[in-house]
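See below for the structure under consideration.
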2 protein chains.
Amino acid sequence: METRKRNLPTLEDVANAAGVSTATVSRCLNEPDKVSGGTRERVMEAVDKLHYSPNFGARAIAANRTGIVGAVIPTMVNAIFARGVEAFQKTIVANKKTMLVASSSYDRTQEIDQIRTMVARGAEGMLLIGTDRDPEVYAFLSQRNIPVVIAWARTSDPNQSFVGFSNKDASRLLAERAIALGHRSFGYISAYTAMNDRARYRVIGAREALTNAGLDPDAMHLIETKYSLKCARAAFHQMLKANPRPSIIMCGNDVLAVGAIQAAQEEGLHVPDDISITGYDDIELSTVIEPAVTTVHVPHRKMGRLAAETLLSLVDGASNPIQIELETQIIERDSLGKPKT
Amino acid sequence: METRKRNLPTLEDVANAAGVSTATVSRCLNEPDKVSGGTRERVMEAVDKLHYSPNFGARAIAANRTGIVGAVIPTMVNAIFARGVEAFQKTIVANKKTMLVASSSYDRTQEIDQIRTMVARGAEGMLLIGTDRDPEVYAFLSQRNIPVVIAWARTSDPNQSFVGFSNKDASRLLAERAIALGHRSFGYISAYTAMNDRARYRVIGAREALTNAGLDPDAMHLIETKYSLKCARAAFHQMLKANPRPSIIMCGNDVLAVGAIQAAQEEGLHVPDDISITGYDDIELSTVIEPAVTTVHVPHRKMGRLAAETLLSLVDGASNPIQIELETQIIERDSLGKPKT
DNA sequence: TCGCATGATGTAAGCTATTACATAGATGCA
DNA sequence: TGCATCTATGTAATAGCTTACATCATGCGA
């Protein structure tokens, strides 16, 4: 590993060029108010002339502050996270900080590694998705005084900060809507719930609606599968073999719903006349398929932005947890209808 | 802005705990071969016991090396970039480096800002998408000895490194295929080409095919629009008013193609019997719409991985430009057919 | 046994910024 | 005028690590 020389100008060079001390230059850059107008001008000229830019490492070590925040997301290849993270990043940058991002592929172990790496790289705050993870992770972070914001979910722990929404509630409302339309026999295609609280609570919400309506929540046929069109299709075909065959299949997200609709069409079933299907997240895909998916809209961009603002205020010293719950909204399109009589 | 105290263990703490000098600890961490087995063990124990992790800033400044690479992409909210960047990031991390990422929203000015910011943050190499940008940017980077890898495109400049593909060639092949099927009247819906070489070369490829076939390339009706389903639909409706009405509308990417198909259906046109439509990129969306989109497959993940490997070797001192051209592939689905006779 | 090459480890300089504290000059008020 | 206060600036300590160079012990060949 060769070392490549970079002889960039230093604070001292600027100080010499401007005929002042390094302290004054540093102040010009960080607390301009504390420097008189004339001096400031002279210094800034020197900065421009030399194309000076402070050395990040030196600044970090001297100020004991890096200005870095980290975000670990399950995957970037999913419009919902992409939108949220993009908004998060723009807000972070607008506040003169830097974002580190990594994707865990929905794998807890990878997530832990990535959190550790980011902390080693100087992350002073972390954005994490959902709540499911080893408590040791939170211990690790809090021991180092690194604030965490949870997004895409809410938590009942009053000590944790989050910017999220109840995955359960909207799911329950959607199921209630289906019950009101006359559905009694439910199926549910979900992402794996074991380490994914978002997916799990969506299932729980649907079950709650059944319970509230006096139906047996355990009668809801549940299949867990990978997040892909192909897997969703397979799950749908499998579910059709159930007895009784469900009149509605709720899906944990829109990709699964779209796959289910495709599979229904392969089976020669008409959606929603023969079978209803619902999604979650409201991604673009859900308007492209025919029929368009009845789903739950989540304000991903807003969530990303607010999560950034929240994390920044925690990093800057806010001591009380900040909890922001966002509203979701049921989007009625064409894939949910009355059951066949 | 409060400063939050972090009294983390330092190299010296580890050295004391292990009864060696800081130099030995440093060597254990960076060049383990140079330390004897017994000492190494003792040091590593101390590292574990104290949960030591090197201070990033200090290391960067002492070694004059940050291990950071930057990537500026047009948008994360696009599966093609998301996939590529995710692969890029995984490769970077696997090599013990750190990735900074930002999205420019297809805006050159933002891109410049972000490049500057990343350099100020210690980026030692940059991944950039496509070739269109102010030459000053390249000057800025080369002056600082920061290698650049261009992705998603190729360049004829022998001094630039890239991992990409010819946006033009596949587009030309697709148009030739359409010509062979009998099409003579072409329309093209593109993303804005002014600052987007990928979009531009795709158009040029189509024109080339027309020219080669003895047709007038300027007769191809071109509409440029934003990257969204809605805009694509509007563009399609507008294009239908053209005289002669095209028998095929090629689209610069799959999102535009899907929007066009939706619009065709709104007009009561059957695709491909009444009008053919093609896409580019091969994203999931293109298999969800009915009819599925005939498009061009691009190996995004592979490109991301290779771009990372390329950039790493440049950062590590490789002096000759590295140019890797990847193959694309036409995926024949159902949206391209013979023209109506 | 001596001299020397080799390998392991230690010493201490150096990297670049921030910032507490010191200093000097200017201002205000009695 | 004299003293306290304030503002602008400088001095120098400091942060945590890497690494060139120095030192020391060991083993080997002559």
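Note that this is a predicted model, so its numbers are computed, not measured. The chains referred to below are lettered A, B, ... by the order of the sequence lines, with proteins before strands, and numbering in each begins at 1.
- Taking atom CG of L29(A) as the reference point, atom P of dT18(C) lies 7 Å away to the nearest angstrom.
- Listed here is the closest heavy atom pair of E124(B) and T66(B): OE2-N, 2.8 Å.
- R65(B) has its CZ atom 15 Å from the P atom of dT16(C), to the nearest Å.
- Atom-to-atom, CG of N55(B) to C1' of dT16(C) comes out at 13 Å; the value is rounded to the nearest Å.
- Between the P atom of dG10(C) and the CD atom of E31(B) lies a distance of 15 Å, rounded to the nearest Å.
- Of the residues in residues 17-26 of chain B, A23(B), S26(B) come within less than 4.0 Å of DNA chain D through at least one heavy atom, sorted by number.
- Taking 4.0 angstrom as the limit, N64(A) places none of its side-chain polar atoms (N or O) nearer than this to OP1 or OP2 of dT18(C).
- The shortest heavy-atom contact between A46(A) and A17(A) is CB-CB, 4.0 Å.
- In terms of heavy-atom proximity, N159(A) sits nearest to D157(A) at N-OD1, 2.7 Å.
- Taking atom NZ on K34(A) and atom C1' on dT7(D), their separation rounds to 11 Å, with Å as the unit.
- Summarising the geometry, the separation between CD1 on I61(A) and P on dA13(D) is reported as 17 Å, rounded to the nearest angstrom.
- Between D33(A) and L11(B), the residue whose closest nucleotide on DNA chain D is further toward the 5' end is D33(A).
- Taking side-chain N and O atoms only, Y52(A) has no distance below 4.0 Å to OP1 or OP2 of dT16(C).
- Enclosure of atom CD in E325(A) by more than 12 non-hydrogen atoms of other residues, nucleotides or ligands within 6.0 angstrom is indicated.
- The aromatic rings of Y106(B) and Y227(B) sit tilted, their planes meeting at an angle between 30° and 60°.
- Between R42(A) atom CZ and dG10(D) atom P there is a gap of 8 Å when expressed in whole angstrom units.
- Applying the ring pair (Phe, Tyr, Trp, His ring centres under 6.0 Å) test between H300(A) and each of F88(A), F81(A), W152(A) identifies W152(A) as the sole match.
- Along DNA chain C, the nucleotide nearest to A62(B) and the one nearest to T39(B) differ in position, and the one closer to the 5' end is contacted by T39(B).
- Residue-level contact check: F56(A) touches neither bases nor backbone, having no heavy atom under 4.0 Å from any strand.
- Here the C1' atom of nucleotide dT9(C) and the CZ atom of R27(B) are 6 Å apart, to the nearest Å.
- The minimum heavy-atom distance linking Q110(A) with S103(A) is given by the pair OE1-O, 4.0 Å.
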